[in-house]
Amino acid sequence: MKVLCVAEKPSIARSVSTILSGGQITTRNTADKYVKNYDFIYAARNANYTVTAVRGHLFQHDFPDGYRKWSSCEPFDLFDAPIETMVSKDCKGIERNLMAEARGAQMLMIWTDCDREGENIGAEIVQVCRKANRNIQVKRARFSAIIAQQIHRAAQNPVELDWAQVHAVEARIFLDLRLGAAFTRLQTLRLQGRFPELDLKVVSYGPCQFPTLGFVVSRYEQVQSFRPETFWYIYLAISRNVNGRNEETEFKWRRGHLFEAPVALAIYELVLETPMARVTSVKKKSVKKWLAEGLYQRGFLSYPRTETDQFDPNFEFMPLIEKQAVDPAWGAFATGLRNGGFATPRMGKKNDKAHPPIHPTAHAGNLAGDEKRVYEFITRRFLACCSKDAEGWETTIEVECGGEEFFTSGLSVLARNYLEVYPYDKWGDRHVPDFAEGETFMPAVCELRDGQTTRPALLTEADLVSLMDKNGIGTDATIAQHIQTIVDREYVMERMEGATKYLVPSTLGIALVDGYNKIGFDKSLSKPQLRRDTEREMVRICEGLKSKEDMLNEAIEQYKALFVKARGDFDLLIQHLRVSLSLAVVGEEDQHQAVEEAEVAEAEAEAGEEEEEEEEEGEEGVVEEAVVEEAGEVLQARTALLLVPNRLVHRRLSRLTTLMKASYATRLSIPLHANLMRQNSSTSVSSLHANHPRDQHLQRNPLHRVRG
DNA sequence: GCAAGGTC
C-alpha cells in the first residue's frame with residue numbers, strides 16, 4: 001500500500017514527514033525547486049508514505065479566446081463569458097510531480113491548511129492526481145497544529161473533502177474575475193483617449209482594491225474639510241503640602257469637554273457658587289500590565305507575513321532562554337527567568353500552523369546596526385513573553401465640587417517583571433497624595449479653560465491595515481498586496497514622515513472615488529459592503545444553506561445592474577476627473593498651502609467681524625449684556641443637548657439662566673470673560689492633556705484630538 | 001493590459 005500525502009506548502013510537508021516517519025526519511029528532489037518528496041514507512045499503518053506539497057493554488061482562471069483581447073468583446077459580456085481553468089504556468093513542475101507520484105499510489109491524502117482556501121487547493125490537487133490515476137482513493141487529514149499527537153491523529157482518522165467549502169471558494173474566484181475584469185476594462189477604455197495622461201495606464205477595479213482606496217480617500221477628505229472647534233472644560237487642582245513642599249494634583253472633569261461655551265460657563269458658574277470640594281470615593285486596586293495584549297496583537301512580530309502568535313504546548317523555552325544568559329544587557333534577566341521568574345507565554349489568537357512565533361535560536365553578540373537592533377528587539381520580546389506580568393497598585397480618587405464630578409488616579413508599580421527587559425513598553429509611577437473619603441478642601445485652581453480640536457492625521461499604513469482587517473477586505477496574506485496595488489495604479493502615494501508611512505490619495509484616486517459617489521449606487525463600489533456580501537454568501541454555501549449556482553446567479557445580476565448604471569452615467573465620472581486632473585497641475589504641496597491660506601483668510605475675516613461688532617457696541621458693559629443675552633438663549637436651546645443630560649443639570653441650568661441675566665457681569669472673573677470673548681487658548685491646556693492622553697478623544701468626532 | 005487568493 002502506498003499513500004501519497006500532499007501539503008499546501010513545502011514547510012508543512014517537511015514537518016509532517018518528520019513526525020510520521022520517526023526519523024527514517026528518504027528525500028527526493030522534484031522539478032519544482034522548492035518542493036521535495038519525502039519517502040518513509042509509516043509504522044502505525046505499516047504502509048509506504050510519500051509526502052509532497054504544492055505552493056498554494058495550482059490553477060489559474062481566465063476567459064477564453066474571443067474574450068481575452070480587450071477589443072474582442074463588450075466588457076459587459078464578461079459577466080456571462082465562459083471561464084477556463086488551467087494549471088498555472090509556474091506550477092507545471094508541481095503538476096508533473098503530483099501525476100507521477102499518484103500513478104503508483106492507492107490513496108491520496110490531502111494535508112492542506114484547514115480553511116476554505118485549503119479545501120479548494122485540496123480539490124485542485126485531487127483533480128490533477130486523478131488525471132494520472134482515475135481510481136485513487138481520496139482522503140483528507142484534519143489538523144490545526146504541527147504537534148506530533150495531532151498529526152498522528154489526523155493521519156489515522158482521515159475525513160472527506162468538504163465540497164461545500166470548495167464550491168464557496170470557486171464562486172468567489174469567478175465573481176472576482178468577472179467583476180474585476182469588466183469594470184477594469186470599462187474604466188480603462190473609457191478614460192484612455194479622453195485623458196492623455198492615462199494613455200499608458202490600466203485603471204483597474206477590484207472588490208478589495210477599491211474599498212482600500214476608499215479608506216484612503218475618505219480620511220484625506222476628513223483632513224481637508226476639518227475646521228478647528230473650540231471646546232471648554234473645567235480645570236480643577238488642589239495643592240497639598242507633602243514633605244514640606246507644595247504638590248499640585250489635577251483632577252479631570254467627568255464631563256470631559258463641552259463644545260457649547262454658554263453651557264460650560266453656566267456649569268462653571270455653579271461650581272464657583274459652592275467651590276468647596278469633597279472627596280466622594282477613594283478606591284485602590286491591584287492592576288497588571290500584560291505584554292501579550294499589546295505585542296501579540298500588533299502582528300509585526302510574527303513570522304513570516306502569515307501570522308502566528310501561539311507557541312506549541314510542547315515548545316522548549318528553557319534551552320533558548322539559557323542561551324541568552326551570557327548577554328551583557330539582558331543576560332541577568334534571562335538567568336532570573338531560569339530561577340523562578342518564568343511564566344508560560346499567553347496564547348495569541350492566530351496560528352498559521354507552519355511557524356512558531358519568531359524567537360532567537362542562539363545568542364548573537366557580534367551584530368551591528370539594524371541587524372543588532374532587530375535581534376535585540378526580538379530577543380527582548382521573547383524573554384518578556386516568558387516573564388510575569390508587571391504588577392501595580394492603582395488609586396482612583398473622585399471628588400465632587402459644586403455639583404460636578406472630577407477624578408484623578410495614581411499608580412505605583414510594585415513589580416516591573418517583564419518591563420525590566422522590555423523597555424519598549426512604558427508603565428511608570430504616577431504619584432497622587434493621600435486622600436480620605438469625605439475629606440473636603442478648597443481647590444487651589446478652579447478655572448474654565450478652552451482648547452481646540454486638531455486636524456486628524458492622514459491615514460497611516462498601520463491604520464489602513466487595521467481598517468481592512470476590521471472590514472473583511474482581503475486576508476492576512478493579501479492585505480499588503482492590495483495596498484501595493486493602489487500604489488502601483490497611482491491611486492495613492494506613500495509618504496514617509498520619520499518612521500511612519502502615510503497614504504495620500506492622488507487626484508486620480510480621489511476623482512475615481514468621488515466620481516463613483518456622484519453616480520450613486522445601491523452599494524458603493526468604494527465601500528466594504530460588496531465584499532462583506534461575498535463573504536457572507538460564501539459562509540452560507542459552506543453551511544449548506546445555499547447552492548453555488550444560486551449565489552453566482554444572484555451576485556452576477558447585482559453586478560450587472562451596477563455595471564449598467566456605471567456605464568450609463570460614466571460621463572459624470574469623466575467630468576469629475578476632468579475637473580480634478582486639471583487641478584493636478586497645481587502641485588500637491590501648493591494645494592495644502594492653498595487650503596491653509598483659505599483657512600487663515602477665513603479666520604481673519606471672522607476676527608474682523610468681531611472687532612467691528614465691538615467697535616459698534618462701543619462700551620464694554622454693553623458687550624457683556626449682549627453676551628449674557630445670547631448665552632441665555634443658547635443655553636435654553638441647548639439644555640436638552642447636553643452631553644451628559646440629567647434632571648439635576650436641567651434644574652440647575654434653568655435656574656441659572658435667570659441667575660446669569662441678573663448677575664453675570666459682577667460674578668465672573670475678568671480673565672474668564674476675556675477667554676469667552678476672544679476665544680484665546682489658555683496656555684495650560686496643553687500641559688493638562690499631555691498628562692492624560694487617553695482623554696484626547698473628543699465627543700464630536702473621534703478623529704479630532706486635543707492639541708497637546 | 002483585467003481580480004483575489006494561495007505560496008516563495
Side-chain angles (χ1 to χ4, degrees), chain A residues 6-14 32-36 53-63 67-79 81 83 85 87-88 90-91 93-94 110 112-125 165-166 168-192 198-213 303-306 352-355 468 472-486 488-489 525 530-531 534-535 538 555 559 563:
Chain A
V6 186
E8 186 164 323
K9 40 191 171 270
S11 63
I12 301 275
R14 195 186 157 72
D32 186 280
K33 69 172 184 176
Y34 298 101
V35 174
K36 308 247 182 288
V54 292
R55 282 166 22 236
H57 283 286
L58 287 168
F59 291 172
Q60 67 174 27
H61 304 81
D62 205 353
F63 301 106
Y67 295 91
R68 207 164 8 233
K69 269 179 70 73
W70 287 32
S71 54
S72 59
C73 70
E74 288 294 321
F76 182 83
D77 299 342
L78 298 176
F79 288 115
I83 290 176
T85 299
V87 173
S88 65
D90 67 336
C91 290
I94 294 176
I110 303 297
T112 49
D113 294 355
C114 283
D115 52 25
R116 283 191 313 233
E117 293 297 332
E119 220 63 18
N120 187 276
I121 292 167
E124 294 179 356
I125 295 166
Q165 290 191 51
V166 174
V169 171
E170 217 164 78
R172 191 264 307 151
I173 290 170
F174 288 179
L175 289 177
D176 287 349
L177 176 60
R178 294 187 191 283
L179 183 64
F183 270 90
T184 299
R185 291 187 190 182
L186 172 75
Q187 286 180 175
T188 308
L189 295 172
R190 289 273 189 114
L191 293 176
Q192 283 178 352
L198 297 180
D199 262 358
L200 296 171
K201 290 185 193 167
V202 172
V203 188
S204 66
Y205 171 85
C208 286
Q209 54 180 272
F210 250 57
T212 305
L213 171 62
Y303 171 84
R305 165 154 75 62
T306 49
D352 75 346
K353 291 157 273 162
H355 309 281
M468 292 170 72
I473 302 301
T475 66
D476 283 352
T478 60
I479 278 179
Q481 289 168 23
H482 297 313
I483 299 175
Q484 190 56 48
T485 301
I486 60 175
D488 292 344
R489 299 294 183 212
L525 293 177
L530 263 185
R531 194 69 192 158
T534 308
E535 168 68 26
M538 285 172 76
Y559 292 172
F563 185 90

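Residue numbers start from 1 in every chain, and the chains themselves are labelled A, B, ... in the order their sequence lines are given, proteins ahead of strands.
Put simply, A:Thr485 has no side-chain N or O that comes within less than 4.0 Å of OP1 or OP2 on B:dA3. Put simply, A:Arg531 has a side-chain N or O that comes within less than 4.0 Å of OP1 or OP2 on B:dG5. Distances shown here put every side-chain N or O of A:Ser204 at or beyond 4.0 Å from the OP1 or OP2 atom of B:dC2. A close approach under 4.0 Å does not occur between any side-chain nitrogen or oxygen of A:Arg178 and OP1 or OP2 of B:dC2. A sub-4.0 Å separation between OP1 or OP2 of B:dA4 and a side-chain N or O of A:His61 is absent.
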In a table with atom names and distances, give each donor-acceptor pair under 3.5 Å that connects a side chain of residues 70-79 of chain A to protein atoms at least two apart or in another chain.
unit_1, atom_1, unit_2, atom_2, d
A:Ser72, OG, A:Gly66, O, 3.3
A:Ser72, OG, A:Lys69, O, 2.4
A:Asp77, OD2, A:Glu74, N, 3.3

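Applying the 3.5 Å distance criterion, the base of B:dG5 shares no donor-acceptor pair with the side chain of A:Glu170.
Residues meeting the side-chain hydrogen bond (donor to acceptor under 3.5 Å, both in side chains) test with A:Gln165, sequence neighbours left out: A:Asp162. Take A:Gln484 and apply the side-chain hydrogen bond (donor to acceptor under 3.5 Å, both in side chains) test, not counting sequence neighbours, and it matches A:Asp488. Remark: A:Arg14 pairs with no residue by the side-chain hydrogen bond (donor to acceptor under 3.5 Å, both in side chains) rule, at least two apart or across chains.
The aromatic ring of A:Tyr34 sits over the base of B:dC8, with ring centres less than 5.5 Å apart and planes tilted by under 30°.
Counting non-hydrogen atoms under 4.0 angstrom, A:Leu58 reaches nothing in the nucleic acid. In this structure, A:Gln60 reaches neither bases nor backbone, as no heavy-atom distance under 4.0 Å exists between it and the strands shown. Residue-level contact check: A:Glu8 touches the backbone only, with heavy atoms under 4.0 Å from sugar-phosphate atoms and none from bases. Residue contacts for A:Asp62: at a heavy-atom cut-off of 4.0 Å it reaches a base atom on one of the strands shown.
Distances were taken from every side-chain heavy atom of A:Thr478 (C-beta onward) to each of B:dA3, B:dG6, B:dG1; the shortest belongs to B:dG6. Among the nucleotides B:dA4, B:dC2, B:dT7, the one closest to the side chain of A:Arg68 is B:dC2. For A:Thr188, whose side chain is taken as the heavy atoms from C-beta onward, the closest listed nucleotide among B:dG5, B:dT7, B:dG1 is B:dG1.
Applying the side chain to side chain donor-acceptor pair (under 3.5 Å) definition to pairs two or more places apart or across chains, those involving residues 171-184 of chain A are A:Glu117-A:Arg172, A:Asp176-A:Arg531.
For the pair A:Val169/A:Glu119, no side-chain contact is recorded, criterion being any heavy-atom separation below 4.5 Å from C-beta on.
Along DNA chain B, the nucleotide nearest to A:His57 and the one nearest to A:Lys69 differ in position, and the one closer to the 5' end is contacted by A:Lys69. Of the residues near DNA chain B, A:Ala181 and A:Gly474, the one whose nearest nucleotide (by heavy atom distance) lies more toward the 5' end is A:Ala181.
For DNA chain B, the neighbouring residues in residues 205-212 of chain A, judged by any heavy atom under 4.0 Å, are A:Tyr205, A:Gly206, A:Pro207, A:Cys208, A:Gln209.
The aromatic rings of A:Phe63 and A:Tyr67 sit tilted relative to each other, their planes meeting at an angle between 30° and 60°.
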